[in-house]
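Everything numeric in this text was worked out from a predicted model, so none of it was measured.
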Amino acid sequence: MWERQHEQAADKIYFMCSDLGGFFLKIAQLLAKPDMAPAAWVKKLVTLCDQAPATPFDAIQLVLENELGKSIGEIFETFDEKPLGSASIAQVHRARVKGNKMNVVVKVQHPGIERLMMTDIRNLQLFALYMQRTDIKFDLHSITKEMEKQIGYEFDFKREANAMERIRCFLYENNKKSPVLVPRVLPDMVTKRVLVMEYINGIPILSIGDEMAKRGINPHGKVAEAAKHNILNSLSRAYGQMILKSGFFHADPHPGNILICKGQEVALLDYGQVKELPDKLRLGYANLVIAMADDNASRVLQSFWEMGLHTVAKCENEQQELLRLAQTLFDTKMPAGQTVLQPFSDDSSIKKIAVETFPEELFSVLRTVVLLRGLSVGMGVNYSCAEQWRSMAEEALLASGRVTKDGKERSRRRASLRRLRAGS
């Protein structure tokens, strides 16, 4: 009976998000997570990550030719009118540039989408203010302000191209082999609303089980499990390096942006949402990663204060609830025996601990971890990004001079903790 209800609800939400478009497609991406929603919802809504309603080709052709200043026939040898995929802000077409044998992907912005999307977000901000004044004691308004800023950046494809190249260089220069593939940009074919890049062949990450079954591999067997662990390890390692070592990272790892290629290589697409953390916040998060990996509640408290995340406890066991809150927000590991999180249930740490101030810049880290957790649950792998990133966090703190080689904290950190205790 519940399954039938979930399927009916999934259809209603799917058609609502499809019809309204704009930010509602972003909401669908957030709901299409196995750790947050019933399986029927995930199966239906995940298609909106890369198969959202497409803009008719005539309108796309007009945008493309206006932006590049030439007709499609003058620029491209071939151009597929049917898009490879379509998402909330743009759609992509496969093509081949004249005089170049390489296949490319042409990303073209949906006409009128910027105005629609920003109107939706401002309406959401009003709703967030209402919710945090009534039921949810969490600084939702700061989160929506950061969303407004981050999504606003997505409409500038020149910025996206620069971000893609910057992340590509960082990962390729800091590893013998980059943990993920990043497409190359064709720099002379980038405008504010058009972006041409290298084509990477692969299958969507959440389709890996179906692909294995087609090849006669048991999706739940040892070979499949090893492949899934390798894929998640590569993806998570890339994110640990970007967030903790560089501070500049891809902030949108939803299933539509991740492909699995030949040899279990992982390709990371769509660099419209990227984030650069200030060093203070990056190092504060590094401290939090170590605290979560070690189940160190007092260090979580210190890290929250350091990052400017201010809380008020409404329970007896404050430090343990703070640890639970940190792991709910910033770690991928699911509690034992759980496959679906209920962050706003009465027993949730979010209900017991009021988050009065949530730094806007920290939202992209939260979103990234939440999406990574959804991917891991969808693949049937329960892992802790905090445990995997612990050594990277230590390296970041060591490089900054915040800790010594033997792992001891500098006196400045101990002084900070004394001030924290004095003020509590």
Side-chain angles (χ1 to χ4, degrees), residues 26 30 121-122 124-125 128-129 131-133 136-154 239-240 242-253 273-292 296-313 318-319 321-332 343-344 348-350 352-373 385-386 389 392-393 396-397 400 402 412-413 416-417 419-420 423-424:
K26 295 281 187 188
L30 186 63
I121 292 175
R122 291 182 188 115
L124 179 68
Q125 287 171 354
L129 278 173
M131 290 300 293
Q132 73 182 50
R133 287 172 182 170
I136 300 172
K137 303 305 177 186
F138 196 102
D139 186 9
L140 295 173
H141 189 253
S142 289
I143 288 178
T144 59
K145 291 296 289 182
E146 177 68 7
M147 289 168 68
E148 178 182 19
K149 182 167 67 175
Q150 284 298 114
I151 290 174
Y153 291 148
E154 287 195 68
Y239 271 98
M242 286 188 283
I243 294 171
L244 295 167
K245 292 186 175 183
S246 167
F248 186 74
F249 62 99
H250 179 287
D252 199 16
Q273 280 201 47
V274 292
K275 184 66 184 177
E276 184 155 27
L277 295 177
D279 276 350
K280 182 179 178 182
L281 200 56
R282 176 176 65 88
L283 297 172
Y285 182 66
N287 198 34
L288 179 63
V289 166
I290 295 171
M292 292 187 297
N296 188 331
S298 61
R299 192 164 184 169
V300 166
L301 179 62
Q302 176 193 357
S303 303
F304 273 15
W305 175 81
E306 188 179 347
M307 293 188 298
L309 201 159
H310 299 147
T311 61
V312 175
E318 177 186 351
Q319 286 205 352
E321 286 298 337
L322 271 174
L323 176 60
R324 278 185 65 203
L325 176 66
Q327 291 170 335
T328 299
L329 297 177
F330 296 112
D331 195 6
T332 53
F344 299 113
S348 168
S349 54
I350 292 177
K352 295 178 181 178
I353 305 249
V355 180
E356 294 196 329
T357 306
F358 190 93
E360 292 180 13
E361 291 170 312
L362 203 55
F363 167 70
S364 292
V365 178
L366 166 65
R367 171 182 164 80
T368 298
V369 171
V370 166
L371 288 170
L372 287 174
R373 182 167 57 216
C385 68
W389 295 351
M392 298 181 208
L397 293 174
S400 72
R402 288 271 297 269
R412 184 175 64 84
R413 294 286 303 282
S416 296
L417 187 55
R419 286 197 300 272
L420 171 63
S424 61

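Between F330 and F358, the ring planes are parallel. Angles under 30° get that label, and only those over 60° would be called perpendicular.
Counting all heavy atoms, side chain and backbone alike, L244 lies closest to A393 at CD1-N, 3.9 Å. The heavy-atom pair separating V365 from L277 by the smallest distance is CG2-CD1, 3.8 Å. Here the shortest heavy-atom pairing between L288 and M307 reads CD2-CE, 3.6 Å. A291 approaches L323 most closely through the heavy-atom pair O-CD1, 4.4 Å. Among all heavy-atom pairs drawn from S142 and E360, the shortest one is O-CG, 3.3 Å. The two residues V370 and L329 make their nearest non-hydrogen contact at CG2-O, 4.4 Å.
A donor-acceptor pair under 3.5 Å is absent between the side-chain atoms of T332 and the main chain of L372, judged by distance alone. Using modelled atom types, no side-chain atom of Q319 and backbone atom of A297 make a donor-acceptor pair closer than 3.5 Å. Put simply, the side chain of R373 gets close to the backbone of D331: a donor and an acceptor are under 3.5 Å apart.
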Derivation and outcome, side-chain contact (heavy atoms from CB on, under 4.5 Å), residues Q150 and R367 = CA-CA 12 Å; Q150 284 298 114; R367 171 182 164 80; over 6 Å; no

Carefully, step by step, assess I353 and L322 under the rule side-chain contact (heavy atoms from CB on, under 4.5 Å).
-> CA-CA 7 Å; I353 305 249; L322 271 174; 4.0 Å; yes

Given the rule in the side-chain contact (heavy atoms from CB on, under 4.5 Å) test, do V289 and M392 qualify, once you have shown the distances and angles that lead to the verdict?
-> CA-CA 9 Å; V289 166; M392 298 181 208; over 6 Å; no

Given side-chain contact (heavy atoms from CB on, under 4.5 Å), test D252 with L371 step by step and report yes or no.
-> CA-CA 8 Å; D252 199 16; L371 288 170; 4.1 Å; yes

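Rounded to the nearest 0.5 angstrom, L362 CG and T357 OG1 are separated by 12.5 Å. The distance from the CD atom of E321 to the CD atom of E318 is 10.0 Å, given to the nearest 0.5 Å. How far CD of Q327 is from CE of M292: 7.0 Å, rounded to the nearest 0.5 Å. Here the CD1 atom belonging to I290 is positioned 4.5 Å from the CZ atom belonging to R299, to the nearest 0.5 angstrom. Atoms OG1 and CG, from T311 and L325 in turn, are 7.5 Å apart once rounded to the nearest 0.5 Å. Interatomic distance, CD1 of I243 versus SG of C385, reported as 7.5 Å (0.5 Å rounding).
Within the structure, salt bridge (Lys or Arg N to Asp or Glu O under 4.0 Å) pairs that include any residue of residues 138-151 comprise R122-E148, K145-E148, E146-K149, E146-K275 (at least two apart or interchain).
With sequence neighbours excluded, no residue forms a ring-ring contact (aromatic ring centres under 6.0 Å, His included) with F363. The ring-ring contact (aromatic ring centres under 6.0 Å, His included) test applied to F248 returns no partner, not counting sequence neighbours.
With a 4.5 Å cut-off on side-chain heavy atoms, P253 and Y239 count as touching.
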